[in-house]
Amino acid sequence: MASLTDRFKYDVFLSFRGEDTRHGFTGNLWKALQDRGVNTFIDDEKLRKGEEITLSLVKAIEDSNMAIVVLSKNYASSSFCLQELSTILDCIKDKGRCVLPVFYLVDPSDVRKLKSCYGEAMMGHEMGSNSNIDLLQKWKNALHQVANLSGFHFKNKDRDEYEHVFIQKIVEQVSREIIPVTLHVPDYLVGLKDQKLIVTSLLSVGSVDTVHMVGIHGTGGIGKTTLALEVYNSIVHRFQGSCFLEKVRENSDKNGLIYLQKILLSEIVGEKSIELPSVRQGISILQQRLHQKKVLLLLDDVDSEEQLQAIAGRSDWFGPGSRVIITTRDKRLLTCHGVESTYEVKGLNDKDAFELVRWKAFKNEFSPSYNDFLLVQKHTGKLTANKLLRLKTLKTENKFSGYVHVLERAVAYASGLPLALEVIGSHFFNKTIEQCKCALDRYERVPDKKIQTTLQLSFDALQEEEKSVFLDIACCFKLYKLTRVEQILHAHHGDIMKDHINVLVEKSLIKINEFGDVTLHDLVEDMGKEIVRQESPEDPGKRSRLWASKDIIQVLEENTGTSKIEIICPNSRIEVEWDGEAFKKMENLRTLIIIDGKFTESPKHLPNSLRVFAHFQNPSWDLPSEFYPKKLAICNIPSDSTSFEWGDFFKKKFKNIRVLNFDGNKFLTRTPDVSGLVHLEEFSFQDCENLITVDDSVGLLGKLKTLRAMCCIKLRRIPPLKLASLEELDLSGCSCLESFPPVVDGLLGKLKTMSLRSCIKLRSIPPLKLTSLEKFDLSHCFSLETFPLVVDSFLGKLKTLLVQSCHSLRSIPPLKLDSLETLDLSHCYSLESFPPVVDGLVDKLKTMSVRNCIKIKIIPPLVLASLEELDLSNCTSLESFSPVVDGLMDKLKIMNFRSCINLRSIPPLKLDSLEKLDLSNCYSLESFPPVVDGFLGKLKTLLVTSCHNLRSIPPLKLDSLEELDLSCCYSLESFPSVMDGLLDKLKFLNIEHCIMLRSIPPLRLTSLEKFNLSYCLSLKSFPKILGEIRNIPGLLLYETPIKAFPFRNLTPPPTSYPCKCGIAQFPNRVVAMSMLAEFTIMGEGKVIPMQSSHVEYICLRSCELSDEYLSTSLMLFANVKELHLTNNHFTVLPKSIEKCHFLWRLVLDDCEELQEIKGIPPCLRMLSALNCQSLTSSSKSKLLNQDLHEDGNTWFRLPRAKIPEWFDHQCSEGLSISLWFRNKFPDILLCVGSPLTWFPNHQHRVRVIINGNTFFYTYGLNIGSSLKKNVSFTSFSYENGKVQ
């Protein structure tokens, strides 16, 4: 049995009286424990010297998982033993670990009541000359406490028990207590840290009064068991008993449920030979044995409710504090069992996936890492010296780029599935690059058997109909909208398949993403396709589903189709040269969807078995005369066909058609008569740009649920509607529609969604009854003058109301909006008043925007208890914001009053959740809104810029504030008082142009990054800083009369000009700059030398820098990365600049006297020397050296230079260069000579055409990432003058 060496040094600490049992009972017990593999501490006799226990013994007790106390006749007579016992109870028992007493030839009651030899021993201690009453009492308490613990009693009065049998019982008990050893997990784990924390938090291990069950679910091979084991190992030491039931599904199938129950009883209770006649009896015994035990149970790969009922039926089976972890592929199983806390395991991201496959392939930590891969693929100019050195090393290793390519392919293929990454990586071990590529090619054709078998377990557990639905989706409908998939499957199978889809989701075979698309893991998709491929590996015409374009083309051109084919849905464009006869043999074809296809002729036959018929090929097919698919349910009409072609077709009775689609048909001028389609539920003719007339029959479809006519830009009228079942009506973008269609009785009682967005000529809407409406969109109806009258003003189910940019709308009638969550009235320039709300009740409203409603003067009182975002910006006539009922806006996160120029006050509000408050440009605002308790503890952004009349801000609690802008508050006399001065999360502080501000109170600014105090004309002193400032990269002080700076709290401290008083006086702000990460000096005639290891950005513009200054000062800035020396008078760039090892950008523009460049920084990537008219030819040649640019991604701008001879291809303006290559795409270096000056905001573009694709390159664009090719660029410009 393994020991808990990962957490404790010892499994067991033995406490005993040496003279009683060392060479007898205790010695035998220690030997038996050691033989069992229990790492047991037994002290050396030499350690028991004196009366005090040694520090080494205390450490051994602390490092032990449990303790055994052998209470023998003379145990209590030893003060050493009593001290040891007290320490054991303090260090082990009080921390929830086990203390096991063994009463060896003594009566437990004598120990508890201090009678007989124990009483005599304690009396002896009391009579001692050095007796300590408190210590004696502690020993008595310890004896009483240990005597009350459950343990073992060896009497042996009648010699009815052998000592070795007694010892064996103790060993068995100890084994059960310390059995929770950490279980084996894979050697190399990645991507589990965050997921482990989530699952551990779901377990609430600290809660000891309840039992928690947590389910971990996900697709096969995703890492459920590994994650569960990691969590199990991290908490197992907290439980009295534990058990890992591995492969529950497999063991249950092979050995039955009783087998699982026996394992559980054996591992936790120690009953190894128990017989269970039935599962029911096993359940009873488990309940009886476990209900008092705090246990940890891990049930791995459960796949049925019966398994859970047999081994973990209910929470009350287990003792308080117990935890049960269940892994399964089936989320529904967890729900049925009442498991409330569940977690779906996520696949690995690219970084973790790369690291895992790399480890499996190379078996060591020294192979190129993911960071190396990124360095090669995406390196930019901003590289440190170390990274540049690493990059050069990697590029010299030819093998690396080859292995990176196959590892990258492996990562893409596995799509984050750990099982696949491990299988592929292991296969790569000791393989050549070519062998790895061949293996990947094979995997992409035929999935690996181990991966296929593992994933197919979930498929095999499905019912037959569920299997069929899964194969339909995997082969043909991945990334289709869920609603579309439901429609197609309903049509294809003849029944509603929603429940089948839910089963697939719960079994982790498919997912529905946030956009409503049906998705599935790439390898699960491959698993499904392989199942269908195996129906007929060599002949695709005998498979049930065809999706691969090459297979479909083969079947259609070679006429090899059979009655086996049920679905044809190509995954890419197909071009078919055929005789039109291929469909004749496919009498069971139900679904034919061809989104992009070209056929040499129309089919001579189409199966009447079709239920889904959607083809968009050009030209469209002529329909065979005998084509009459009576069960047709979904029909998509090609975009180039006319209504006349299909008019006769729809005159036939199609009682099953539910979906009819003419979308994008550019020839459709009038919709056909659809009166015969009595069961039509969805009719769509959006983007029919020439549609003028909608047939009257459309308005009489009694079962129609969805009518879409978006962007029919010539449509002027819709016929009267009598559509009692209509749920969705979308007329958005019908820019010629002037009036809403008449509605019979005004009744649209089932309508849930209505959109008239961008019906720019629509002037009015008749009264309507919209009792079920949930979303109403009138946005950009520029001509709409009146809001539609709603019967009884009732829109009680409306959740979203969008009326933005209705420029002519003047008023909105009273409405009942009990369910409203989103209201957008923005840009309604003519709207004169906020819409009256019945009872002011909009307590479910989450988002309200009234932006740019320039005529609204007042917002009425409202109940806004759920509001999260409020935008009243640019309401220039708004004078007051009426009190909110109860002042309660405690869920509000964003409040924007920007440019409410007439707003004078805001009522008191409770804003506990506010994260952003913008009061900028509220010129008339005189007082800051009173905040209940001054609490704005979650506020991150506070913008009060240009509030010209604001004089003060009340005390506030701003614990989370990151950005504070008070700039241009001309009347502000005092900085807001911050509770405790605590602004330790503030990063940006701007009080620029606060001309009346005289002082700033002491502040704690631990995280400040930018501080703008410019033009604070009345501010005499810098604020006192509480605590430390980690760094200040930007400090702006233009025209501010501050002379003293308390920078003693800056971390790290200054490296020069130390001052004991903490105040530094400096004429050119030298000391302050030496501590900043970024500084700029402009136009100063003399710059005092300074030193700093913190500065990364330096700009010394127009400072008359001398050669002497430059040669001595550059070495003082060891970590500078950007250096701007524009318009200075030095003549030589000194060799000392080479010691700036991190400098990557150097700007020397307008240094007209610069003649010579003696040194080049090792990491230089960008250099600009425009208008350096005196620069010598030798210096230019040095900067154009090929070695300097061989790594690519450099960008140099030089005056009057010529293109270097080492460029292979050169041409003049207006011409092009072409090159051909084989296999590997070559590195490319571009040099551009231009007669134009490159201004800061002007960038030349170079047109690059690769494989027919055109790209315009400017510096900073990584064309290589777009093309997935090896392309990098170096650019030069040649300013002012003739290009040579």
Side-chain angles (χ1 to χ4, degrees), residues 481-483 512-516 682 705-708 710 723 725-732 740 743 746-759 765 767-781 784 787-806 809 812-828 831 834-851 853 859-872 884-885 888-896 913:
K481 292 293 182 186
L482 174 61
T483 52
I512 313 300
N513 68 17
E514 58 186 311
F515 307 108
E682 179 181 316
K705 295 180 179 180
T706 302
L707 179 61
R708 298 193 189 102
M710 298 95 83
L723 302 172
S725 301
L726 195 66
E727 296 179 3
E728 179 185 346
L729 175 62
D730 195 339
L731 303 176
S732 57
F740 191 84
V743 178
L747 182 65
L748 288 172
K750 292 186 178 180
L751 192 66
K752 294 180 179 180
T753 302
M754 179 159 69
S755 178
L756 301 171
R757 173 182 283 265
S758 298
C759 291
I765 301 171
L768 297 170
K769 186 167 185 176
L770 302 168
T771 51
S772 299
L773 196 64
E774 295 179 4
K775 181 177 180 180
F776 194 9
D777 190 350
L778 293 168
S779 303
H780 305 287
C781 291
L784 188 66
F787 192 88
L789 289 173
V790 179
V791 176
D792 300 328
S793 301
F794 184 78
L795 288 172
K797 293 186 179 180
L798 190 68
K799 294 181 179 180
T800 303
L801 177 57
L802 306 177
V803 200
Q804 67 189 87
S805 298
C806 290
L809 186 67
I812 298 176
L815 297 171
K816 187 171 178 62
L817 301 168
D818 295 355
S819 302
L820 194 66
E821 296 179 2
T822 300
L823 173 62
D824 192 344
L825 302 172
S826 56
H827 308 291
C828 291
L831 190 64
F834 191 87
V837 179
V838 177
D839 301 326
L841 188 65
V842 279
D843 61 339
K844 293 183 180 177
L845 190 66
K846 294 180 179 180
T847 302
M848 182 168 84
S849 178
V850 196
R851 185 172 68 255
C853 291
I859 305 293
L862 298 169
V863 179
L864 298 170
S866 300
L867 196 66
E868 296 178 4
E869 182 174 349
L870 173 63
D871 190 350
L872 296 169
V884 177
V885 178
L888 188 66
M889 298 180 75
D890 59 348
K891 292 185 179 178
L892 191 68
K893 295 180 179 180
I894 299 174
M895 184 158 67
N896 190 350
S913 301

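Note that the coordinates shown come from a computational prediction; the quantities given were computed from them, not determined experimentally.
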Please give me the minimum heavy-atom distance between [X] and [Y], naming the atom from each residue.
{"X": "S725", "Y": "K750", "answer": "CA-CD, 4.1 Å"}
{"X": "C828", "Y": "V803", "answer": "SG-O, 2.9 Å"}
{"X": "G796", "Y": "S819", "answer": "O-OG, 2.6 Å"}
{"X": "K891", "Y": "A865", "answer": "CD-O, 3.7 Å"}

Steps toward side-chain contact (heavy atoms from CB on, under 4.5 Å) verdict (L801, F787) | CA-CA 12 Å; L801 177 57; F787 192 88; 4.1 Å; yes
Side-chain contact test, heavy atoms from C-beta onward, threshold under 4.5 Å: evaluate it for [X] versus [Y] and give yes or no.
{"X": "L825", "Y": "P835", "answer": "yes"}
{"X": "F834", "Y": "L823", "answer": "yes"}
{"X": "S758", "Y": "S732", "answer": "no"}
{"X": "E821", "Y": "E868", "answer": "no"}
{"X": "L751", "Y": "L770", "answer": "yes"}

Between [atom1] of [X] and [atom2] of [Y], what distance do you get to the nearest 0.5 Å?
{"X": "R708", "Y": "L729", "atom1": "CZ", "atom2": "CG", "result": "11.0 Å"}
{"X": "C781", "Y": "Q804", "atom1": "SG", "atom2": "CD", "result": "10.5 Å"}
{"X": "D890", "Y": "L867", "atom1": "CG", "atom2": "CG", "result": "11.0 Å"}
{"X": "I765", "Y": "L789", "atom1": "CD1", "atom2": "CG", "result": "10.5 Å"}
{"X": "E774", "Y": "T753", "atom1": "CD", "atom2": "OG1", "result": "6.5 Å"}

Got a sec, which residues hit salt bridge (Lys or Arg N to Asp or Glu O under 4.0 Å) with K816, two or more places apart in sequence or on another chain?
->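 Expected list: D818.
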Ignoring hydrogens and geometry, is there a side-chain-to-backbone donor-acceptor pair from K481 to F515 under 3.5 Å?
-> yes
Is there a donor-acceptor contact under 3.5 Å from the side chain of S772 to the main chain of K752?
->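 Such a contact is absent between S772 side chain and K752 backbone.
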Qualifying residue for side-chain contact (heavy atoms from CB on, under 4.5 Å) with L778, from L802, L809, L756 |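 Only match with L778 under side-chain contact (heavy atoms from CB on, under 4.5 Å): L756.
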Determine the sole option in S779, C853, S805, C806 for which the side-chain contact (heavy atoms from CB on, under 4.5 Å) test with H827 is passed.
->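 So the option named by the test is S805.
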Distance-only check: which donor-acceptor pairs under 3.5 Å involve side-chain atoms of residues 841-851, not counting sequence neighbours?
from: S849; atom 1: OG; to: R851; atom 2: NH1; distance (Å): 3.3
from: R851; atom 1: NH1; to: D871; atom 2: OD2; distance (Å): 3.1

Could you pull out all residues at least two apart from I894 that satisfy side-chain contact (heavy atoms from CB on, under 4.5 Å)?
-> E869, K916
Is there a side-chain contact (heavy atoms from CB on, under 4.5 Å) between K775 and M754 once you walk through the steps?
-> CA-CA 6 Å; K775 181 177 180 180; M754 179 159 69; over 6 Å; no
